[in-house]
Amino acid sequence: VPGHDPAALIEQAAAGDRAALARLLTLVERGGPEGRAVARLVHGRAGRAYTVGITGAPGAGKSTLTDALVRHLRKLSEEVGVLAVDPSSSRTGGAILGDRVRMRGHAGDDGVFIRSMASRGHLGGLALATPEAIRVLDAAGLPLVLVETVGVGQVEVAIAGAADTTIVVVAPGWGDAVQASKAGLLEIADVLVVNKADRGGVDAAVQDLEGMLSLVGHDPGGWRPPIVVTAAVDGAGADELWTAVCDHRTWLQSRGELGRRRRLRLAAETREIVRRRLEERAGELTGGDEFDRLVDEVATRRLDPWAAADSLLAASDPSVPAPDDEGDR
Ligand SMILES: Nc1nc2c(ncn2[C@@H]2O[C@H](COP(=O)(O)OP(=O)(O)OP(=O)(O)O)[C@@H](O)[C@H]2O)c(=O)[nH]1
Ligand SMILES: [Mg+2]
């Protein structure tokens, strides 16, 4: 039974202990001091794994397609980690369970590690827990990490959904392609997938996407997302999809784009942490007795709201000069 010491757990996970890996992910999901300790320790060991995001509207077939990709990768003897991220708090554990059941075919295969994430305890929620969880899998030595996220919510798309290669999945029908476009998914797509090809309507969906891609526009010599047709239920197209991912990876690497992208993602993540921290701090500053006292002064016209805010901020941070020091009283 794995213990709680983050450093020991990381050694065990890196040696292939999957229970230790699971334990580390639980700590990261929960946040708190232990989660922070894990994050600090894994960061220096991460950076080798290639990450592939699989996103799209609910029900497009992301989980089924992820499963098909994993099967294909196992045939190629590739080791792979999978994170199924569900950012919508409205969804119940049942949906997550569905993902687990769909992925159950890989039970007993040590070359696959699958984890669903739906935590709420972490500061910044799943958007910030996801890149940390990816780094845990990375530090544990998994060379490939697939991340399934529902493509809704700006922060989720920007941070949790961000990967080295992003696959956007749509099902046939105008609705899906238009929704993907509205949700900003076409802009982030490196590879587009029209899934459920067994159901028909594929040609129209491919044309819809082609049309919308032309509207988005791409730099000359830039990467234009290929459109891959799949029927994830029977694994059809998984090999073409993987080839497209590998082509994109080669393209990124040949241009030095991979490092640039990763840096942008780390900047976005760091910025988001700062933003959430400040928001948390704002909640603390405006929730106490001192705040009430200042509001009384504002209400009785002795202080204006800006001066009250300055006073609160100065009290919270000694490096900010207090309004009194400015001699305006
Ligand atoms: N006919 C057909 N059905 C599919 C295909 N791929 C997925 N499905 C079905 O579509 C439904 C949704 O598939 P999921 O893989 O759960 O879709 P998802 O995008 O992961 O859904 P959420 O995670 O709930 O957003 C399931 O009933 C799948 O069996 C396909 O290629 N053809
Ligand atoms: Mg799913």
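Basis for what follows: all heavy atoms, side chains included, without hydrogens, waters or symmetry-related copies. The shown structure was predicted, so the numbers you read here are calculated from the model rather than taken from an experiment. Quick note: residue numbers are just sequence positions, from 1. Just follow the structure's listing: the first ligand is 1, and inside any ligand the first atom is 1.
- For residue Thr66, no N/O/S atom approaches the Mg ion (ligand 2) to within less than 2.8 Å.
- Polar contact with ligand 1: present for Gly61 (N/O pair, distance under 3.5 Å).
- Heavy-atom proximity to Asn195, at under 4.0 Å, picks out these atoms of ligand 1: 5 (C), 6 (N), 7 (C), 31 (O).
- Between the Asp138 side chain and the Ala49 main chain, a donor and an acceptor come within less than 3.5 Å of each other.
- The N, O or S atom of Glu148 with the smallest distance to the Mg ion (ligand 2) is OE2.
- If you number the atoms of ligand 1 from 1 as listed, the ones under 4.0 Å from a heavy atom of Pro58 come out as 25 (O).
- The backbone and the side chain of Val233 each have at least one atom closer than 4.0 Å to an atom of ligand 1 (non-hydrogen atoms only).
- Considering both main-chain and side-chain atoms, Ala60 comes within under 3.5 Å of ligand 1 through a nitrogen or oxygen pair.
- In terms of modelled atom types and a separation under 3.5 Å, the side chain of Arg249 and the main chain of Thr165 share no donor-acceptor contact.
- Taking only non-hydrogen atoms, the option from Pro172, Gly59, Ala232, Ala236 nearest to atom 12 (C) of ligand 1 is Gly59.
- Looking only at atom types and distance, the side chain of Thr26 has a donor-acceptor partner in the side chain of Arg115 under 3.5 Å away.
- Note on Glu210 versus Arg224: salt bridge recorded, some NZ/NE/NH1/NH2 to OD/OE distance being below 4.0 Å.
- Of all the listed residues (Arg199, Glu148, Lys196), Glu148 holds the heavy atom that lies closest to atom 23 (O) of ligand 1.
- By the 4.0 Å N-to-carboxylate-O rule, Arg261 lies too far from Asp164 to be salt-bridged with it.
- The main-chain N or O of Ala60 is found under 3.5 Å from a side-chain atom of Asn195 such that the two form a donor-acceptor pair.
- The pair Arg71-Asp67 counts as a salt bridge, with a side-chain nitrogen and a carboxylate oxygen less than 4.0 angstrom apart.
- Set against the non-hydrogen atoms of Ala231, the atoms of ligand 1 under 4.0 Å away are 31 (O).
- Distances from atom 28 (C) of ligand 1 to the heavy atoms of Thr64, Thr149, Ile54 put Thr64 nearest.
- No donor-acceptor pair under 3.5 Å is formed between the side chain of Thr166 and the backbone N or O of Ala162.
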